[in-house]
Amino acid sequence: MVICMRLVEEIELYEVHRVEPSDWKRIKEDILRIENSAFETNIRQDEEDLRETFAYKKSICLVAIDKNNKKVVAYTMGAPLERYTFLENFDEHYGNYDTFYIESISVLPEYQGRRIGKMLKRILIDEVRKEGYERITVHATNDV
């Protein structure tokens with residue numbers, strides 16, 4: 001388990017931790033494993049994209065850890081909408097500085113169907129509200 005992570009919530013079989021930017025080197029292999037196994041190549045984020053979001057000072061990154069084997073099995077992350085300049089002409093709230101953008105929620109295939117993604121989304125929403133954001137947005141794709 002990553003040492004610097006702050007435990008956000010513990011639910012039955014999983015612990016959810018908030019990951020700080022300084023944790024990237026320790027957590028990146030787990031995140032890349034999840035990203036590469038959960039998404040098709042054409043919609044997968046690369047290491048640089050993921051690292052940049054983790055490094056952004058106002059980002060929120062959470063991981064779910066299986067308490068039985070201490071394996072990171074899912075993650076979610078995002079940042080203020082304005083961090084994503086490609087959304088400037090796409091999202092009407094861009095520039096208001098009141099919206100949080102969920103960049104990714106990803107669960108290892110063998111752990112899907114266990115409501116882990118839903119749990120991470122709920123906890124992320126709670127964390128985003130604590131930060132004072134009025135809105136949360138996400139954009140989905142089905143380009144598979």
Side-chain angles (χ1 to χ4, degrees), residues 1-94 99-144:
M1 187 180 332
V2 178
I3 296 170
C4 296
M5 294 188 302
R6 176 174 56 89
L7 180 64
V8 176
E9 192 159 332
E10 189 169 350
I11 302 170
E12 293 183 33
L13 302 174
Y14 306 99
E15 295 177 343
V16 176
H17 293 262
R18 185 159 175 177
V19 182
E20 300 303 325
S22 60
D23 292 321
W24 173 248
K25 286 184 180 178
R26 282 177 279 210
I27 198 76
K28 78 175 183 176
E29 294 305 319
D30 292 319
I31 299 299
L32 290 170
R33 177 176 38 83
I34 295 166
E35 184 74 16
N36 291 334
S37 64
F39 293 110
E40 298 290 330
T41 305
N42 60 328
I43 60 171
R44 186 180 299 156
Q45 294 187 76
D46 64 22
E47 181 177 343
E48 183 65 17
D49 289 338
L50 294 164
R51 185 195 60 73
E52 285 178 7
T53 298
F54 268 79
Y56 190 72
K57 64 181 177 178
K58 294 184 178 182
S59 68
I60 297 176
C61 306
L62 304 173
V63 294
I65 299 173
D66 183 323
K67 288 171 29 177
N68 291 323
N69 59 21
K70 303 301 183 200
K71 181 178 183 177
V72 177
V73 299
Y75 80 94
T76 186
M77 66 178 180
L81 180 62
E82 290 71 24
R83 185 222 174 282
Y84 304 93
T85 56
F86 67 92
L87 294 171
E88 182 175 7
N89 297 317
F90 185 69
D91 193 298
E92 66 185 71
H93 299 289
Y94 191 94
T99 304
F100 189 87
Y101 179 74
I102 298 176
E103 185 174 331
S104 184
I105 298 176
S106 185
V107 181
L108 284 173
E110 62 268 29
Y111 283 84
Q112 292 174 4
R114 300 182 193 187
R115 304 175 63 89
I116 299 168
K118 188 174 215 167
M119 172 186 69
L120 279 177
K121 181 177 69 172
R122 181 185 53 76
I123 295 168
L124 180 62
I125 290 168
D126 289 345
E127 292 291 300
V128 168
R129 285 182 179 150
K130 288 177 193 174
E131 298 288 331
Y133 292 94
E134 293 178 24
R135 294 176 186 80
I136 299 170
T137 189
V138 63
H139 301 108
T141 184
N142 62 357
D143 294 342
V144 290

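At least one side-chain heavy atom of Y56 sits under 4.5 Å from a side-chain heavy atom of P80. Inter-residue side-chain proximity for V63 and D30 is flagged as unmet; no heavy-atom pair is nearer than 4.5 Å. Looking at Y14 and R114, their side chains come closer than 4.5 Å, going by heavy atoms from C-beta outward. At a threshold of 4.5 Å between non-hydrogen side-chain atoms, the residues H93 and T137 do not count as touching. Considering only heavy atoms from C-beta on, V19 stays 4.5 Å or farther from Y75 through its side chain. Looking at heavy atoms from C-beta onward, T53 lies in side-chain contact with Y84 at the 4.5 angstrom threshold.
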Margin query: Before you tell me yes or no, could you show the steps for L50 and M77 under side-chain contact (heavy atoms from CB on, under 4.5 Å), namely the whole-Å CA-CA distance, both residues' side-chain angles and the distance that decides it to 0.1 Å?
Written below: CA-CA 9 Å; L50 294 164; M77 66 178 180; 2.9 Å; yes
Margin query: The test is side-chain contact (heavy atoms from CB on, under 4.5 Å); show your working for L62 and I123 and say whether it passes.
Written below: CA-CA 9 Å; L62 304 173; I123 295 168; 3.8 Å; yes
Checklist line | side-chain contact (heavy atoms from CB on, under 4.5 Å) between I60 and F100, intermediate numbers included | finding: CA-CA 10 Å; I60 297 176; F100 189 87; 3.9 Å; yes
Item checked: Derivation and outcome, side-chain contact (heavy atoms from CB on, under 4.5 Å), residues L108 and R33 -> CA-CA 8 Å; L108 284 173; R33 177 176 38 83; 3.1 Å; yes
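A 6.0 Å sphere centred on CZ of F90 holds no more than 12 heavy atoms belonging to other residues, nucleotides or ligands. R129 CZ: 12 or fewer foreign heavy atoms inside a 6.0 Å radius. The environment of R115 atom CZ is sparse: at most 12 non-hydrogen atoms of other residues, nucleotides or ligands sit within 6.0 angstrom. A 6.0 Å sphere centred on NZ of K58 holds no more than 12 heavy atoms belonging to other residues, nucleotides or ligands.
With hydrogens and angles ignored, the 3.5 Å screen pairs a side-chain donor or acceptor of T76 with a backbone N or O of S104. With hydrogens and angles ignored, the 3.5 Å screen pairs a side-chain donor or acceptor of E35 with a backbone N or O of Q45. Put simply, the side chain of Y94 gets close to the backbone of E82: a donor and an acceptor are under 3.5 Å apart.
Expressed to the nearest 0.5 Å, how far CD of E20 lies from NZ of K57 amounts to 14.0 Å. Here the straight-line distance linking atom CG of D91 with atom OG1 of T99 works out to 6.5 Å at 0.5 Å rounding. To the nearest 0.5 Å, the span separating CD1 on I27 from CZ on R51 amounts to 16.0 Å. Remark: D23 CG to I31 CD1 distance equals 10.5 Å, nearest 0.5 Å. Annotation: the span from D49 atom CG to E103 atom CD amounts to 7.0 Å, rounded to 0.5 Å. Atom CG of D66 is separated from atom OH of Y111 by 4.0 Å, given to the nearest 0.5 angstrom.
Residues A55 and P21 approach most closely at CA-CB, 4.1 Å, considering heavy atoms. Here the closest heavy-atom approach between residue V107 and residue A38 is recorded as O-CB, 3.5 Å.
Screening E29, K28, E52 against E47 for a side chain to side chain contact (heavy atoms under 4.5 Å, CB included) leaves a single residue, K28.
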